[in-house]
Structures are given as C-alpha cells and as structure tokens.
> 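Handing you this structure, nothing more for now.
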There are 2 protein chains.
Amino acid sequence: MSLRFDPDTFGFLVTDLARLIRADMDRRIEAAGIGVTPGEARTLIYAARYGVLRQNVLAERMGLEAMTVSVYLDRLEERGLVKRMPDPADRRAKLIRLTRKADAVLEAILRIAGEVRARARGEMDEESWARLRDLLKQVRGNFTGGA
Amino acid sequence: MSLRFDPDTFGFLVTDLARLIRADMDRRIEAAGIGVTPGEARTLIYAARYGVLRQNVLAERMGLEAMTVSVYLDRLEERGLVKRMPDPADRRAKLIRLTRKADAVLEAILRIAGEVRARARGEMDEESWARLRDLLKQVRGNFTGGA
DNA sequence: ATGATTAATAAGTAATACTTACTATATGGC
DNA sequence: GCCATATAGTAAGTATTACTTATTAATCAT
C-alpha cells in the first residue's frame with residue numbers, strides 16, 4: 001500500500017541484484033569446480049586487467065582496504081594463482097603477478113561472468129543495455145567522486 | 001589494457017554500487033544513532049510495506065531464506081521494533097507486526113535512504129533516473145523469473 | 001638523524017546469508 | 001480417525017565480504 005515504504009527504490013534494486021548475481025556466480029563457480037569465491041574472482045580480474053602492480057594500488061583500484069585485498073591474495077597465493085614479488089623500488093611493498101596457472105581459471109571465470117551477464121540482460125535490446133551500463137557508471141562515479 | 005578483463009561490466013558495477021550504498025547507509029545510520037543495520041532496516045521497510053504478515057511470507061517477499069529473516073527479526077524484536085504474534089489460523093506460524101516504537105526508526109531510515117539516493121542520483125536528469133530504475137527492475141525480473 | 005608516514009599484515013569483529021537438523025503443527029490419503 | 005508427509009519456525013554451524021586497530025619494517029621529509 002503505502003508508497004512511502006517502497007522496496008523497489010534504486011537502493012533496494014541494486015542490493016537485490018548484487019545478492020542475486022553473487023549467488024548465481026557462486027553456484028556456477030561451484031558447478032565448474034573452479035574453487036574460488038566471487039570476491040577472489042574479482043581480484044583476479046583486476047590483477048589481469050592492470051598487470052603487475054603493487055598490492056596497495058590494486059586495493060585502491062578495487063575500492064577496498066589494503067587489508068581486505070591482502071586476505072584475498074593469501075587465498076589466491078595458496079591456490080597458486082598469484083605470486084607476491086618484492087618491489088625493487090620499495091622493500092616494504094610487494095608486486096602482484098598472476099601465475100600461468102591463473103590463465104585457465106580466468107578463462108572459466110570470464111565464461112561464467114558472461115553467462116550471468118546474459119541471464120541478467122535477458123531479452124533487453126542493445127541500446128537499453130548500453131544505456132543501463134552508462135547510467136550505472138555515472139552513479140558509481142557520484143559515489144566515488146571519480147569517473 | 002586488455003578489454004577482456006573489464007572491471008566495468010554490469011556485474012562489477014552492481015557489486016561496487018551495492019558495497020558503496022551499504023557503506024554509506026551504514027555510516028549515516030551510525031551517525032544518526034539509530035542502532036539497526038542496513039539489513040534490519042530493509043526488513044523493517046518490507047514489514048511496513050506489507051503490513052501484518054507471516055514470517056515465511058515476509059522472507060519470500062524479501063527473497064531470503066526463512067532462517068535469515070528469523071535472525072533479523074530476533075534482533076528487531078530485542079530492540080522492541082517488531083512483535084511476533086501467534087497466527088490464529090496456524091499454531092506453527094507467527095505474524096510479524098511493527099511496534100509504535102518502530103515509527104520513529106522508520107522515519108529516520110526513510111530520511112537516510114533519501115539522502116543516499118540523492119547522492120547516488122547526483123545531477124542526473126529525471127528521465128534518466130526513471131529509466132535507470134525501470135531497466136534495473138527489468139533485470140531483477142530476469143533473475144527472479146517474476147516481475 | 002630523527003620524526004612522521006607508508007606498505008603489508010596479524011588479530012579481531014560485524015554483517016549478510018546460507019545449509020542442515022530439529023520440533024511442533026497441519027494436511028492429505030486411506 | 002490414523003499415519004505419512006509437508007510446512008513454519010528456529011538452533012547450530014559455516015562461509016563470504018569487508019571493516020578497524022595495532023604492529024613491523026622501510027621510506028621520506030625536515
């Protein structure tokens with residue numbers, strides 16, 4: 001009844017969708033026997049996107065605290081998917097690099113991400129889908145103050 | 001570099017936004033001294049939206065497992081914001097009702113949700129904002145199979 | 001040279017949400 | 001009416017995501 005209590009506002013929609021997407025990713029990753037969580041998959045993709053880079057820079061790119069990313073990297077390193085290397089320019093810092101073993105995992109993750117995306121899109125036409133992405137980018141920019 | 005590893009796809013955008021929104025909500029709720037988590041706030045809004053209803057129906061409306069909602073309700077009941085009442089039609093079931101004490105909390109939550117929404121929207125024009133909501137609804141529908 | 005800052009991480013915590021197993025009650029078939 | 005099955009709620013346990021605080025080691029600025 002009361003429109004004041006609307007569970008279909010922007011925030012609810014985004015929160016719902018994030019949960020649905022994560023659950024779907026999770027299920028598909030599980031089914032594929034990849035052995036990484038959605039968060040770890042996210043870390044891998046960022047690392048693949050930006051190449052060799054410092055942990056703190058990776059964390060900043062991901063919009064997470066350094067500590068949070070450090071724990072993800074622990075697990076990815078245990079699985080032999082990333083390697084921490086000393087940064088010759090700063091002995092405190094560590095450079096993150098994907099291993100060859102990560103290639104196959106990344107391929108599988110990309111495939112799964114594509115499947116989830118296809119499900120999300122459904123029958124939506126090209127223009128709407130592109131517009132949706134643009135609008136979401138704009139909103140994210142409003143939060144992060146950046147692009 | 002590689003466009004194959006794009007951290008600006010739909011899934012990333014939604015996941016990022018959900019995290020940013022939750023963090024912003026959290027911060028503002030904290031600052032206002034309301035003493036409920038975003039998830040509890042969500043539960044309250046659903047309860048306000050649908051009126052007196054059974055726990056299992058509430059869970060289904062929220063798209064969560066009954067157990068998950070049960071725990072939220074435990075905490076809300078502790079704070080005196082909801083009341084569990086026996087369902088005269090089924091002695092296993094419990095009806096959920098908001099207390100009067102919940103009114104003030106709901107008001108504060110709505111105000112905060114409005115602030116977060118305003119931040120998300122930024123300078124976006126009316127048409128785009130409405131379109132964004134429609135498109136998100138459509139995508140959520142693709143996941144839930146419903147509206 | 002030293003005082004402040006930064007990079008990484010150990011430790012602890014909180015929120016969100018799940019599954020499994022259990023109890024009590026309800027319902028449908030015979 | 002009786003019993004098998006299903007349902008409503010919850011206790012217990014777990015996993016993921018992500019935070020804060022404090023510590024250590026190294027760097028930077030004055």
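So you know, we letter chains A, B, ... as the sequences are listed, proteins then strands, and number each from 1. Side chains included, hydrogens not; waters and symmetry mates left out as well; all remaining heavy atoms used. On a predicted model such as this, the values are computed, not experimentally measured, just so you know.
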> With axes from five pairs an end, tell me the bend angle of the helix from C/dA1-D/dT30 to C/dC30-D/dG1, nearest 10°.
20°

> Can you tell me which nucleotide in C/dC18, C/dA8, D/dA18 comes closest to the side chain of A/L64?
D/dA18

> Write down the distance between CG (A/D74) and P (C/dA10), rounded to a whole number of angstrom.
6 Å

> Check B/R133, B/R117, B/K137, B/R49 against A/D6 for a salt bridge (Lys or Arg N to Asp or Glu O under 4.0 Å) and give me the one that passes.
B/R133

> Check whether any side-chain N or O of B/N56 sits under 4.0 Å from OP1 or OP2 of D/dT7, and answer yes or no.
no

> Does A/T43 reach the side chain of A/V82, with side-chain heavy atoms less than 4.5 Å apart?
no

> With a 4.0 Å limit, can you tell me whether B/T37 has a side-chain N or O closer than that to the phosphate oxygens OP1/OP2 of C/dA14?
no

> Let me know, please, whether A/T68 or B/D90 comes out on the 5' side of the other along DNA chain C by nearest nucleotide.
A/T68

> Over how many whole Å does the gap from B/L76 atom CG to D/dG9 atom C1' extend?
16 Å

> What are the two closest non-hydrogen atoms of B/R140 and A/P7, and how far apart are they?
NH1-O, 4.0 Å

> Just to be sure I understand the rule, does A/R84 reach a base, reach only the sugar-phosphate, or reach nothing, if contact means heavy atoms closer than 4.0 Å?
sugar-phosphate

> Between D/dT17 atom P and A/Y46 atom OH, what is the distance in whole Å?
14 Å

> Would you name the heavy atoms of A/M85 and A/R97 that are closest together and state the gap between them?
SD-NH2, 3.6 Å

> When the distance from CE of A/M67 to C1' of C/dA10 is rounded to whole Å, what number comes out?
6 Å

> Should the side chain of B/R92 and the base of D/dT7 be counted as holding a donor-acceptor pair, with the cut-off at 3.5 Å?
yes

> Rounded to whole angstroms, how far apart are CD on B/E65 and P on C/dA15?
21 Å

> Of A/A93 and A/R22, whose nearest nucleotide on DNA chain C comes first from the 5' end?
A/A93

> In this structure, how many angstroms lie between the P atom of D/dT17 and the CE atom of A/M25, rounded?
10 Å

> Do you reckon B/V36 sits in the same ILVMFWY cluster as B/V71, going by side-chain contacts under 4.5 Å, direct or chained?
no

> Could you report the tightest heavy-atom contact between A/R119 and B/N142, atom names first, then the distance?
O-CB, 3.4 Å

> It should be established whether A/Y72 places a side-chain nitrogen or oxygen under 4.0 Å from OP1 or OP2 of nucleotide D/dT16.
no

> Choose from C/dT25, D/dA18, C/dC18 the nucleotide whose nearest atom is closest to any side-chain atom of B/R91.
C/dT25

> Rounded to the nearest 0.5 Å, what separation is found between the CZ atom of B/R42 and the CZ atom of B/R22?
10.5 Å

> Pick the closest DNA chain D nucleotide for A/A89 and for B/R19 by heavy atoms, then say which residue is nearer the 5' end.
B/R19

> Check for me whether B/R61 meets the cation-pi criterion with B/Y50, that is, NZ or CZ under 6.0 Å from the six-membered ring centre and within 45 degrees of the ring axis.
yes

> Which listed nucleotide (C/dT9, C/dA7, D/dG9) is nearest to the side chain of A/R54?
C/dA7

> Nearest heavy atom decides the nucleotide; on that basis, is A/P88 or A/P38 closer to the 5' end of DNA chain D?
A/P38

> Check the distance between D/dT20's P and B/E30's CD and give it to me in whole angstrom.
11 Å

> Starting from C1' on D/dA8, measure out to CD1 on B/I96 and report it in whole angstrom.
12 Å

